[in-house]
Chemist: 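There's a structure below that I have some questions on.
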2 protein chains.
Amino acid sequence: MLKLSKLTDYAAVIMAQIARQSDQAHTASELAQRVHLPLPTVSKMLKKLAKSGLLESRRGSHGGYVLSRSPVEITASDIIAAIEGPIGMTECSHADGDCELLNTCGVADNWQRVSQAIRTLLDCVTLAHLAQSNPIKLPVQLPIQSVTLPTTAASREH
Amino acid sequence: MLKLSKLTDYAAVIMAQIARQSDQAHTASELAQRVHLPLPTVSKMLKKLAKSGLLESRRGSHGGYVLSRSPVEITASDIIAAIEGPIGMTECSHADGDCELLNTCGVADNWQRVSQAIRTLLDCVTLAHLAQSNPIKLPVQLPIQSVTLPTTAASREH
DNA sequence: GGGAAAGAGGACTAAAATGGTCCTATATGG
DNA sequence: CCATATAGGACCATTTTAGTCCTCTTTCCC
């Protein structure tokens, strides 16, 4: 479905919640309540986000989590990558050369360009965007379809 | 990883293979050889693609599969949707209202816009693009980052 | 008509990823 | 020193994924 895992979705929700009050620290249980998700799950997510450097944590009483950067400097890519690892549509779009089909598949190059475009798109979306309700404008307009129209037989020569 | 399943990847490879000789019918075993994938798997994919209307099939000897439309009229979206179902980053970007967090998550709207942008992007990529090796140009340019820079405290009022 | 060559449609299974819980250790503040 | 937090894993159930296999139907050709 080309979709995010639930956990990544949770992560986004949690991050947005923190971003809305980015001047104070938030504990796992506080966030769990706000977001209506079970504490252990929220806690796990927070740890991951902290480990990836998107959040900073302080232990002990009065501890909690804070954004490590301003919401405008944290992108959707960052959040997704923190939970799911590198963004890429196909295995071969990031792993190095362990796809033995590479030669025969004939599709890798352009798939990777598509991957790159999606990454670019997600780089443009910041946590500040996600946390607010104003609609964001994205740099892809709908009816582009800017396709060269080769004759159907153009693929024949080989 | 926001990635396609292997099978979807296979589907793209198979479709591209067919597109390169779109004037003749291709059998499952022929394609399996060409693409270096096991026959049962290829066969399964072809059935799915046919069932989704991207391929037309003819049974019996001299049977096989043909594209149901020209490669320029088949998009990456079509192929992905055929194997994985509707494209959407989050559950709530297509299921109707069965997410009880919708009210509290506060992120849904903009996630859906991002989803939509990705769909748009994938609508622009045709099978003709994938099947050829020329680099495609996609309507997302890199250093946009056209973000309004609100003060970090702009989120405080509530 | 009969047989071979193909696809249609599922049932089934092994392996891996996902989502979620829980426990122990460590740090911090009062 | 105790209460409150996070850190870091171990662990488990469930679902999804990838892959195989079997039986049935259609079509062509001799």
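Naming: A, B, ... by sequence-line order, numbering from 1 per chain.
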Chemist: Would you indicate which nucleotide in dT21(C), dG7(C), dG19(D) comes nearest to any side-chain atom of Tyr10(B)?
Modeler: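 For Tyr10(B), the side-chain atoms sit closest to dG19(D).
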Chemist: What's the shortest heavy-atom distance between Gln132(A) and Asn110(B), and which atoms?
Modeler: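 Taking Gln132(A) first and Asn110(B) second, the nearest heavy atoms are O-ND2, 3.2 Å.
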Chemist: Could you pick out which residue, Ser61(A) or Lys44(A), lies toward the 5' side of DNA chain C when each is mapped onto its nearest nucleotide?
Modeler: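 With Ser61(A) and Lys44(A) compared, the 5'-side residue is Lys44(A).
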Chemist: What is the distance from atom OG of Ser115(A) to atom CG of Leu138(B), rounded to the nearest 0.5 Å?
Modeler: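 One gets 10.5 Å once the value is rounded to the nearest 0.5 Å.
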Chemist: Roughly how far, to the nearest 0.5 Å, is CD1 of Ile18(A) from CG of Leu46(A)?
Modeler: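 So the CG of Leu46(A) and the CD1 of Ile18(A) are separated by 5.5 Å.
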Chemist: Of Gly60(A) and Pro38(A), whose closest DNA chain C nucleotide lies nearer the 5' terminus?
Modeler: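 With Pro38(A) and Gly60(A) compared, the 5'-side residue is Pro38(A).
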Chemist: Answer yes or no: does a side-chain N or O of Ser29(B) lie under 4.0 Å from OP1 or OP2 of dA6(C)?
Modeler: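 For dA6(C), OP1/OP2 do not have a side-chain N/O of Ser29(B) under 4.0 Å.
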Chemist: Side-chain N or O of His62(B) less than 4.0 angstrom from OP1 or OP2 on dC29(D)?
Modeler: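 Answer is yes, contact under 4.0 Å.
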Chemist: Taking atom P of dA6(C) as reference, at what distance in whole Å does atom CD of Glu56(B) sit?
Modeler: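 After rounding, the gap between these two atoms is 19 Å.
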Chemist: On the side chain of Lys51(A), is there an atom forming a donor-acceptor pair with the base of dG8(D) - under 3.5 Å, no angle test?
Modeler: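 Per atom types, no contact qualifies.
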Chemist: In whole angstroms, how far is the P atom of dG20(C) from the CG atom of Leu37(A)?
Modeler: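 In whole Å, dG20(C) P and Leu37(A) CG are 8 Å from each other.
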Chemist: Classify the nucleic acid contact of Lys6(B) as base, sugar-phosphate or nothing, counting any heavy atom under 4.0 Å across all strands shown.
Modeler: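 Sugar-phosphate: the residue Lys6(B), judged by heavy atoms under 4.0 Å, touches backbone atoms but no base.
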Chemist: If the cut-off is 4.0 Å, is Ser43(B) near the phosphate of dG7(C), judged by side-chain N/O to OP1 or OP2?
Modeler: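 Checking Ser43(B) against dG7(C): no side-chain N or O falls below 4.0 Å of OP1 or OP2.
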Chemist: Send over the distance from Leu7(B) CG to dG19(D) P, rounded to a whole Å.
Modeler: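 Atom-to-atom, Leu7(B) to dG19(D), this comes out as 6 Å.
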Chemist: Over how many whole Å does the gap from Asp9(B) atom CG to dA18(D) atom P extend?
Modeler: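 Rounded to whole Å, this separation is 10 Å.
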Chemist: Do Ile14(A) and Val66(A) sit in the same hydrophobic cluster, where Ile, Leu, Val, Met, Phe, Trp and Tyr count as joined when their side-chain heavy atoms come under 4.5 Å apart?
Modeler: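 Per the 4.5 Å side-chain linkage, Ile14(A) and Val66(A) are not co-clustered.
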Chemist: Side chain of Ser5(B): nearest nucleotide among dT17(D), dT6(D), dG7(C)?
Modeler: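 Nucleotide nearest to Ser5(B)'s side chain: dT17(D).
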Chemist: Do Arg59(B) and dT25(D) share a donor-acceptor pair, side chain to base, under 3.5 Å?
Modeler: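 By the distance-only test, yes, there is a pair.
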Chemist: How close or far is atom P of dA18(D) from atom CD1 of Ile83(B), stated in whole angstroms?
Modeler: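 Taking atom P of dA18(D) as the reference, CD1 of Ile83(B) is at 11 Å.
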Chemist: Rounded to whole angstrom units, what separation is found between the CE atom of Met45(B) and the C1' atom of dA18(D)?
Modeler: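 Atom CE in Met45(B) sits about 9 Å away from atom C1' in dA18(D).
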Chemist: Between the base of dG8(D) and the side chain of Lys47(A), is there a donor-acceptor distance below 3.5 Å?
Modeler: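 Answer yes: a donor N or O sits under 3.5 Å from an acceptor.
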Chemist: Starting from P on dT20(D), measure out to CG on Leu39(B) and report it in whole angstrom.
Modeler: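 Rounded to the whole Å, the gap is 9 Å.
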Chemist: For Lys3(B) and Asp9(B), run salt bridge (charged side-chain N to carboxylate O under 4.0 Å, His left out): C-alpha distance rounded to whole Å, both residues' side-chain angles, the deciding distance at 0.1 Å, then the answer.
Modeler: CA-CA 10 Å; Lys3(B) 74 165 190 257; Asp9(B) 200 8; over 6 Å; no
Chemist: Can you tell which of dT20(D), dG7(C), dC28(D) lies closest to the side chain of Arg58(B)?
Modeler: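 Nearest listed nucleotide: dC28(D).
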Chemist: Rounded to whole angstrom units, what separation is found between the CG atom of Leu46(A) and the C1' atom of dT21(C)?
Modeler: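 My rounded result for the distance is 16 Å.
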Chemist: Measure the shortest side-chain to side-chain distance between Met89(A) and Ile118(A) over non-hydrogen atoms and say whether it is less than 4.5 angstrom.
Modeler: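 In contact.
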Chemist: Side chain of Ser57(B), heavy atoms from C-beta onward: which of dC28(D), dA8(C), dG19(C) has the nearest atom to it?
Modeler: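 The listed nucleotide nearest to Ser57(B)'s side chain is dA8(C).
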